[in-house]
Amino acid sequence: MAQVGQPISRLEGRLKVTGAAKYAGEYNLEGLLYGYVVNSTIVRGKILEIDTASIKKIPGVVEVFTHQNRPSLAWFDLQYADMDAPPGSPFRPLHDAQVKYYAQPIALVVAETFETARFAASRLRVTYAEEEFDSDLKKNIEKARAPKRGLATMIKPLPPKPKGDFEKAFSEADIQVSSAYWHGTEHHNPMEMHTTTTLYERGGKLTIFDKTQGTVNSQLYACNVFGLSFGDVRVVSPYVGGAFGSGLRPQYQLFMSVMAAIELKRSVRVTLDREQMFSFGHRPPTLQRVRLGADSNGKVTALNHTAIAETSQFEDYTEVVVNWSHVLYPAENTLLEYQLVPLDVYSPLDMRAPGGSTGLHAIESAMDELSYKLGIDPLELRLINYAERDMAEDKPFSSKELRECYRQGAEKFGWSARKPEPRSMKRGNKLVGYGMATGIWDAMTVPSRAEAELTKEGKIRVNSAVSDIGTGTLTVMTQIAADEFGLSVEDVTFDYGDSDMALAPLEGGSFTVSSVGSAVAKVCQSLREKLVKWAARMENFKISGENQARVRFEKDRIVLSDSPMIAVTFADLIAENGGKVIQTSTTSIPNVFKLKKYTRAAHAAAFVEVEVDEQLGVVNVTRALTAVAAGKIINPKTARSQIVGAMVWGISKALREETISDHRFGNYMNPNLAEYHLPVHADIHELDCIFVEEHDDIVNPLGAKGIGEIGIVGMAPAITNAIFHATGKRVNHLPIHFDELM
Ligand code: MOS
């Protein structure tokens with residue numbers, strides 16, 4: 001039975017729930033030292049003095065590293081630029097006395113125990129010369145400018161040029177919508193803290209257990225920054241307790257742990273705490289404006305989507321916020337704009353569906369508003385403006401079953417029971433609202449390698465350096481590999497999360513299945529052919545080496561399809577090879593010339609029911625359904641988890657999650673999970689997800705588009721639209737606070 005398409009439970013599930021799976025902070029090495037990072041308490045200025053001497057006297061403290069005693073490090077920006085670095089000058093921990101943002105890491109205290117390091121860190125006295133700073137996006141909108149271009153803007157394209165004459169078409173349109181939207185700051189808060197444990201081996205070899213979305217990226221960074229050779233640095237990251245983008249770039253705990261290990265010639269672990277999760281990277285606050293002009297039949301003729309986002313003073317972090325609007329809605333006259341305002345904050349960082357979840361909030365809310373002005377059902381309005389072709393790029397879609405998402409989603413949700421008027425549906429003393437929104441996310445593919453071998457023990461093992469950030473990568477790669485041999489998942493092993501393995505991209509952008517999966521499939525085809533060729537040479541198994549179709553694989557052997565009694569065992573093959581492994585490796589490179597002729601995207605339609613208690617302002621998302629078209633679904637169980645998990649986050653974005661800044665102090669006021677609100681069980685009710693059948697033989701050989709991000713993009717606007725339907729109140733910022741609905 002084909003393994004792809006089966007709802008197989010996570011292969012590492014048991015290890016995780018029993019605590020047997022070791023995370024980066026759980027390697028208890030001999031003689032391990034513990035580092036605790038000290039962060040600046042000013043936003044901008046200069047460190048005048050750090051009194052390390054007095055805390056070094058504390059028993060158990062081994063060393064205190066600052067910019068004054070750090071080792072000599074790489075000089076060029078390029079050496080600090082990791083695989084996800086935006087254009088600019090990457091931040092260098094402990095570089096000099098300059099402080100550029102609040103909670104910048106300025107010292108590392110290393111001690112015999114974690115508690116000692118933390119205690120000593122709390123006693124470190126630092127004197128600063130403070131300078132003026134500005135962290136307020138809303139106050140600095142006039143400083144908005146175009147982003148710098150770089151490698152990152154190749155994957156995250158800037159908006160296309162305007163088409164037609166937007167202003168004219170807008171002013172002449174029968175119906176107009178013009179609204180502003182605010183998306184606040186959010187911080188990544190995976191369950192697992194960012195930790196790096198560096199094992200220092202005699203001779204200076206390092207094995208680094210890192211919480212990362214890219215073992216190769218961390219290896220590259222450590223080697224470049226500390227001038228180490230690739231052969232001496234191995235990064236291992238078998239389990240990751242969530243990351244959502246926070247592990248795309250090497251974070252400062254990696255730098256600190258490696259630096260201390262090299263300097264002290266000891267193994268060192270550096271763990272960031274929850275508050276420190278708010279000291280690097282965030283979803284940037286973004287101000288948007290959408291203007292839509294439509295004719296009285298609902299056809300959008302004029303489309304303007306403008307976004308202005310925050311970045312740091314040293315890097316131009318960009319994301320795709322506005323481009324989606326025109327891919328979804330084919331207006332003749334468009335004006336899409338995206339600008340940045342550099343502020344005294346750390347560089348923003350990709351967070352699940354970066355840009356998409358921000359931009360779709362605005363466009364899907366504006367479309368909803370338009371539907372009421374027209375008196376057309378919101379779903380019907382999407383169908384009136386359905387893009388059969390991507391008019392932004394003037395390309396066909398490689399596949400697009402969004403219409404089916406709308407149809408099947410609406411049917412299963414029961415959209416037809418919706419009464420069009422706001423405030424027209426009630427349940428007891430609560431107002432009931434139905435809302436919907438569209439989701440879209442790129443289906444990208446990047447080059448990737450994989451290796452496969454028949455081991456001396458006669459086992460099939462496949463490997464890639466890729467991480468599994470909790471999405472189910474291990475399981476789906478094993479399924480893909482198993483199918484190439486016609487075996488079951490028990491008969492093949494996928495090894496991953498180790499920079500010594502075959503080169504892999506970052507696990508992000510929803511491109512892992514597409515990229516690494518394609519490499520895994522390809523390398524398994526190659527190993528299969530190789531094994532059959534070996535078998536064909538053997539005395540008792542006379543087939544032509546080219547006649548691959550005449551054999552099939554069973555658990556530990558290759559048999560002739562029409563006479564299965566005739567077999568060569570894997571052990572025979574290894575013996576024939578003189579007891580050595582039979583190995584092969586391959587690189588899977590997407591055919592960009594073919595791919596660039598198409599727009600490749602996953603689509604979704606989110607439907608939400610809310611109950612609003614106007615006396616208390618309380619909103620309950622009583623049920624929600626997302627219909628997803630993302631090509632071939634490799635594992636419906638792990639895929640469903642991705643979508644449902646993303647929907648939970650959507651509820652969080654709409655109603656809970658918010659980093660609150662105090663611009664007088666340039667800092668974040670709620671860096672903890674008591675005040676940074678996340679939904680709990682009581683907030684989550686019926687969540688459902690359906691996968692619409694979608695065939696795509698263009699995106700990649702697997703036909704799978706990736707589902708890590710598509711589930712979040714439409715959720716928040718579907719909720720805010722449902723709230724409008726329930727209450728008649730349109731709140732255009734996230735999250736919605738209950739006092740706004742009372
Ligand atoms: Mo995702 S934000 O690419 O980890």
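For this chain, numbers begin at 1 and follow the sequence in order. Atoms considered below: every heavy atom in the structure, side chains included; atoms not considered: hydrogens, waters and symmetry mates. Because the structure is a prediction, the values reported are computed rather than measured. Order of appearance sets the numbers: ligands from 1, and atoms from 1 within every ligand.
Close contacts of ligand 1 with Q213, meaning ligand atoms under 4.0 Å from a residue heavy atom, involve 4 (O). Near D350, meaning under 4.0 Å from one of its heavy atoms, ligand 1 places the atoms 2 (S). Per-residue contacts place G245 under 4.0 angstrom from the following atoms of ligand 1 (heavy atoms of the residue considered): 2 (S), 4 (O). Near F244, meaning under 4.0 Å from one of its heavy atoms, ligand 1 places the atoms 2 (S), 4 (O).
Under the salt bridge (Lys or Arg N to Asp or Glu O under 4.0 Å) criterion, E315 pairs with R249, sequence neighbours left out. For the side-chain contact (heavy atoms from CB on, under 4.5 Å) test, residues two or more places apart in sequence or in another chain that qualify with E657 are E186, W649, S652, Y676, L678.
The aromatic rings of Y181 and H361 sit perpendicular to each other, their planes meeting at more than 60°, with 30° as the lower class boundary. Classification of the F91-Y101 ring pair by plane angle, with boundaries at 30° and 60°, yields perpendicular. In this structure, H187 and F278 have tilted ring planes: the angle between them lies in the 30° to 60° band. The aromatic rings of Y252 and F280 lie perpendicular to each other, with more than 60° between the two planes, well past the 30° mark.
Taking only nitrogen or oxygen atoms, main chain and side chain alike, P354 does not reach within less than 3.5 Å of ligand 1. Below 3.5 Å of separation, one finds no N or O of I469 facing any N or O of ligand 1.
With a 4.0 Å cut-off on non-hydrogen atoms, S510 does not touch ligand 1 at all. Contacts between M351 and ligand 1 below 4.0 angstrom, taking non-hydrogen atoms only, involve the backbone exclusively. Under 4.0 angstrom from ligand 1, the non-hydrogen atoms of L248 all belong to its side chain.
For atom 1 (Mo) of ligand 1, the nearest non-hydrogen atom of the protein is E709 OE2, 3.5 Å. The single protein non-hydrogen atom nearest to atom 3 (O) of ligand 1 is G509 N, 2.6 Å, given as residue, atom name and distance. With hydrogens left out, the protein atom closest to atom 2 (S) of ligand 1 is R352 N, 3.3 Å, a heavy atom.
Under the 6.0 Å cut-off for aromatic ring centres, F209 and Y27 qualify, their centroids lying closer than that.
Salt bridge present: R640 and D688 bring a charged side-chain N and a carboxylate O closer than 4.0 Å.
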